[in-house]
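These numbers come from the heavy atoms of this one structure, side chains and all, not from hydrogens, waters or symmetry mates. In listed order, ligands and their atoms are each counted from 1. Everything numeric here is computed off the predicted structure, so don't read it as measured data. In what follows, residues are counted from 1 in the order of the sequence shown.
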Amino acid sequence: MEYRFEQQRIVGGIGADDEYWRGLERGEFRLPRCAGCGRWTWPAHFRCGACGDWEMEWQALEPKGTIYSWTRSWYAFERVKERTVDLPYVTALVAIPEAGGARVLGVLVGDETQLRVGAPVIGEILPPSEKAKGYASIVWRLAGETASTSPRV
Ligand SMILES: [Zn+2]
């Protein structure tokens with residue numbers, strides 16, 4: 001079965017981040033920037049909070065950043081029972097310097113030995129899957145680690 005986020009859309013969003021998901025489905029990591037003042041606006045909005053412009057430009061970026069914060073999940077949450085087999089797992093909030101420090105969430109894969117705030121990470125885009133509820137996703141791996149372990153996501 002082919003998965004696309006638009007067919008399995010999670011209810012409740014306003015759709016401002018649709019371009020983010022479309023980009024990931026094409027294997028591109030893109031974030032929005034205001035066409036008026038250049039401010040990065042992530043999480044996505046339809047209108048710039050700084051200058052009021054309605055036009056956003058989605059720019060492709062290298063998926064590179066640093067750990068801003070992270071947490072380890074030890075229990076399965078009701079709406080992500082698919083992740084039960086991965087427990088425990090780490091979710092990282094990654095600051096993207098190239099995007100003005102915008103922070104992007106994703107699961108951390110691979111060796112966690114050097115996991116700490118400020119550690120450099122590299123993103124890896126995974127195709128849409130049933131486990132990810134039809135969405136493509138980005139996972140983070142600590143920089144310098146070899147991709148010897150495959151993501152469980
Ligand atoms: Zn603006």
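Within the 3.5 Å criterion, the main-chain N or O of Trp54 finds no donor-acceptor partner in the side chain of Arg47.
Every residue meeting the side chain to side chain contact (heavy atoms under 4.5 Å, CB included) condition with Gln59, not counting sequence neighbours, appears here in chain and number order: Arg33, Trp40, Glu57. Take Glu28 and apply the salt bridge (Lys or Arg N to Asp or Glu O under 4.0 Å) test, not counting sequence neighbours, and it matches Arg26, Arg30.
A continuous path of ILVMFWY side-chain contacts below 4.5 Å connects Trp21 to Trp58, so both sit in one hydrophobic cluster. Under the 4.5 Å side-chain contact rule for hydrophobic residues, Leu93 and Ile122 do not share a cluster.
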When the side chains of residues 96-108 are checked against the rest of the protein, which donor-acceptor pairs come out under 3.5 Å, sequence neighbours left out?
| from | atom 1 | to | atom 2 | distance (Å) |
| --- | --- | --- | --- | --- |
| Arg103 | NH1 | Tyr68 | OH | 3.4 |
| Arg103 | NH2 | Tyr68 | OH | 3.4 |

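At a cut-off of 2.8 Å, measuring from the Zn ion (ligand 1), the protein N, O or S atoms that fall short of it are Cys34 SG, Cys37 SG, Cys48 SG, Cys51 SG, waters left aside.
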